[in-house]
Amino acid sequence: MGSRRYDSRTTIFSPEGRLYQVEYALESISMAGTCIAIMNPKHGIVLLAERKITSKLLEQDNDNDLEKIYKLDDHILVGVAGLTSDAESLIDTARIHAQQYLKTYGDQIPVENLVRRISDIKQAYTQYGGMRPYGVSFLYAGYDDLNGFQLFTSNPSGNYSSWKAISIGSNTQSAQTLLQMDYKEDMTLDECIKLSLKTLSKTTDSSSKLTSDRIEISTISKDLVTINGVEKEKMSLKIYTNKEIERMLKEHKVNEKNDDDEEEEEEDEDDDEDMEEY
Amino acid sequence: MSPQHGSQPIQHQFNPYSDNGGTLLGIAGEDFAILASDTRQSVDYSINTRLSHKIKVISPPVTKEMKLESTDIVGTKNSVLFGTNGFSADGDALTKAFEENWKWYVHDQNSNVETGFEFLNENNEEKESFMSMQSAARNVQHLLYGKRFFPYYVHTILAGLDEEGKGCVYSFDPVGSYEREQCRVGGAGASLIMPFLDNQVNFKNQYIPGTNSTERRKIEYLSLDECLKLVKDAFTSVTERHITVGDGLEIFIIDKNGVRSEYHALKKD
Amino acid sequence: MSQQDPSTINGGIVVAMTGKDCVAIACDLRLGSQSLGVANNFEKIHQYGKVFIGFTGLATDALTLSADLKYKHNLYKLKENRGIQPEVFANLISSTLYEKRFGPYFSTPVVAGLSEKTGEPYVAGFDCIGCIDAARDFIVAGTASDQLFGMCEALYEPNLESEDLFETISQALLNAADRDAISGWGAAVYMITKDKVTKTYLKTRQD
């Protein structure tokens, strides 16, 4: 398309008014593992992510080392799609920024503040410096007293937006379609979890079942706790362990065959046989 | 030597005082009194001597009979245990001055009885004259305040038996303000030991268990042995934590039998 | 006004002791402006995970240091995915203080906690520029530190059970505070064992 003349630097527009480096970054992300998040303003947010590469040889300990989901502070989680190394660099910056806010103002950072800060950093790399943009999209799930539960996404362009349910990474088109169909305004957190698992299992490239070593799940919700005899609502942030994910998959019957999936089921069996030969 | 050219002129002044360290402790029991001190004398980070005396027993003569009963008696029951701590030169000077006052006082008391008229004494007994603790204390105040504008740089503590035979301790500031007390620590270890004495002699902050901190522990006189234990514990503690305290512990105990002394070694580091 | 010594304007004390499989850390509750008593609920001990730190000295520096350490501790938790050990925290405090070597924080912190590394109780004290004193028995700090030294040295014995340690540290704190005009006005004691942490407010003289 002649784009070769305009894609080597971030700091120039193409004649069609496009920033090719940014688009290429987005393209790279569309091949990364999917992250899906669903929010209910009253009950909380579920953040689900699929690991792209799983291997028996890979040292992956779901209980301590996560690849896709990270904690930014005690009240904000983030899901990653894209270059993990770029992501970790931005996450470090985000964490420091959140602590600096806490130290200066004695209060937890509002979610949008943090999102905006990271997005601004990403944007800078699209305009000056001559360095390539960050190849990461983020999915932020957080809670603050001002605006309650919030769900944001940001991408390499530096743009960010707020959502009720969203996915990033690969197969987002199909995931979004499904979410749009099935999302309801008054779902409980459990129903959100079920929907996110169902959506992921339907849109995933991989033919094998969803297992605890392939996915990471986390939630932000409000729990009723009794402090000094008084019942209060306390925000709680939870990243699920391997065992808990197994239990959840069983509970929501994610890997069980439905009538809808009969055709796919046959295909699945064929695929399994192929894999055994291999 | 720091270079002086170009800098402000510095006035040099002879400092007449120095701090010789050490600690002095006095406790009054029901019928006894204790005055104890460490025996180290130091200046800055050096030790002058490991055996110096901060306490003098100012006593009427010890008779042969008394010596027979117990050989280590160093004073009678009417003695004044005189302790000073701070700048030892001033301490020694004050001790000498007081001793002189004491000797004259006792002599004059005796001399006031005209020879030949001893029968005017009750029961015709020769009263051994002595200076009462009250009087000694008041005298010390005047000695100290006499140098109000170039003070004796010492914390003085007196110990003895009052006219009722009960233990008594008087303590003074460098210019003569004084008070009779149950117990007092003076010197370098004062800030370390005084709270310990509050807690263990006067039972401060101690409540009877089970009363939910409403009933305070009853204040009772301590026995001599208990007091001695406290004294030794206090000095070993302050020896640990203060550089100018250590080497040896000298304890003087006065009761109705007279004055005796004890010596215990302390850490030399 | 002549130069005030920053470490004696607000007043206050902290003491920590080790026992048998337990540690105790205690503080007074006074905040003053020299002779004027301003607050009787100024707690000097803060909790970071399972590690407890008391801050004495200039109150503003104590609060700033506390916030700064909270910041560093939160980042540590996020990056390491685990709680911090007391010895490690001590080093963190030391470097934080030494960064301000030529314009120091006028605060002397005291650390107390049970170490999972050694399995032993751990206490440590610092001067205001970060020298670590990792004593095995007790640490004292504040405007009545001399008095605390005397009390602790006399009352302490090693390997006390937690009930006895509680009484010992309480008496050490109370009697030392009573001999210091700018310490006292209430006291709080934390008893830390493997299973639980107990916080007790002591009845004290209010002068």
Side-chain angles (χ1 to χ4, degrees), chain A residues 59-80 84-85 87-109 111 113-114 117-118 138 140-142 144 216 218 220 227-228 235-242, chain C residues 31 39 41-51 53 55 58-85 88-89 91-93 95-100 103-107 109 116-117 188 190 196-201:
Chain A
E59 275 269 37
Q60 243 171 2
D61 176 8
N62 215 8
D63 295 349
N64 282 316
D65 282 313
L66 288 91
E67 183 192 305
K68 303 283 286 177
I69 297 181
Y70 295 82
K71 218 169 92 156
L72 289 186
D73 198 352
D74 290 331
H75 63 301
I76 306 179
L77 284 166
V78 75
V80 169
T84 312
S85 43
E88 293 220 345
S89 163
L90 281 170
I91 286 168
D92 261 352
T93 311
R95 285 171 168 169
I96 290 173
H97 190 66
Q99 290 310 309
Q100 242 146 28
Y101 187 98
L102 174 65
K103 187 177 170 192
T104 318
Y105 300 106
D107 197 13
Q108 287 180 325
I109 189 168
V111 187
N113 270 27
L114 193 55
R117 169 95 168 128
I118 301 304
F138 285 122
Y140 306 82
D144 59 43
E216 294 173 16
S218 58
I220 296 190
I227 304 172
N228 293 334
M235 192 217 77
S236 84
L237 192 153
K238 188 173 163 65
I239 299 183
Y240 287 77
T241 60
N242 264 333
Chain C
L31 172 85
N41 58 359
F42 186 70
E43 304 221 12
K44 298 169 182 68
I45 296 175
H46 300 93
Q47 186 173 1
Y48 302 86
K50 295 191 178 161
V51 181
I53 310 192
F55 298 90
L58 194 61
T60 176
D61 280 353
L63 290 172
T64 303
L65 249 186
S66 170
D68 196 50
L69 289 168
K70 187 170 177 185
Y71 168 124
K72 290 180 172 166
H73 177 238
N74 282 350
L75 284 174
Y76 182 95
K77 269 193 306 187
L78 285 168
K79 287 195 200 177
E80 302 255 338
N81 238 315
R82 62 189 173 111
I84 194 169
Q85 293 306 306
V88 179
F89 213 133
N91 280 94
L92 179 58
I93 293 177
S95 29
T96 306
L97 291 170
Y98 198 81
E99 276 170 1
K100 300 262 184 259
Y105 288 115
F106 294 105
S107 174
E116 277 160 38
K117 228 189 282 189
Y190 290 75
K196 61 178 191 275
V197 175
T198 319
K199 180 180 178 188
T200 317
Y201 287 107

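Throughout, protein chains are lettered first and strands after them, A, B, ... in sequence-line order, and every chain is numbered starting at 1.
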Using a plain distance cut of 3.5 Å, could you tabulate donor-acceptor pairs between chain A and chain C?
{"unit_1": "A:N64", "atom_1": "O", "unit_2": "C:N81", "atom_2": "ND2", "d": "2.7"}
{"unit_1": "A:Q99", "atom_1": "OE1", "unit_2": "C:N74", "atom_2": "ND2", "d": "2.8"}
{"unit_1": "A:Q100", "atom_1": "NE2", "unit_2": "C:Y71", "atom_2": "OH", "d": "3.3"}
{"unit_1": "A:K103", "atom_1": "NZ", "unit_2": "C:D68", "atom_2": "OD1", "d": "2.7"}

Inset, instruction - Output the distance between atom CD1 (A:I76) and atom CD1 (A:I220), rounded to the nearest 0.5 Å. - result: 8.0 Å
Legend entry - CZ-CG distance between A:F138 and A:L72, expressed to the nearest 0.5 angstrom: 7.5 Å
Inset, instruction - Measure the CD1-CG distance between C:I84 and C:L69 for me, rounded to the nearest 0.5 Å. - result: 9.0 Å
Inset, instruction - Apply the test side-chain contact (heavy atoms from CB on, under 4.5 Å) to residues A:L114 and A:Y140: give CA-CA distance (whole Å), side-chain angles for both, the deciding distance (0.1 Å), then the verdict. - result: CA-CA 9 Å; A:L114 193 55; A:Y140 306 82; 5.6 Å; no
Legend entry - For chain C, the option from A:I96, A:L102, A:I91 that forms the most heavy-atom pairs under 4.5 Å: A:I96
Inset, instruction - List the steps, then state whether side-chain contact (heavy atoms from CB on, under 4.5 Å) holds for A:I118 with A:V78. - result: CA-CA 12 Å; A:I118 301 304; A:V78 75; over 6 Å; no
Legend entry - Full working for side-chain contact (heavy atoms from CB on, under 4.5 Å) between C:L65 and C:L97: CA-CA 9 Å; C:L65 249 186; C:L97 291 170; 3.7 Å; yes
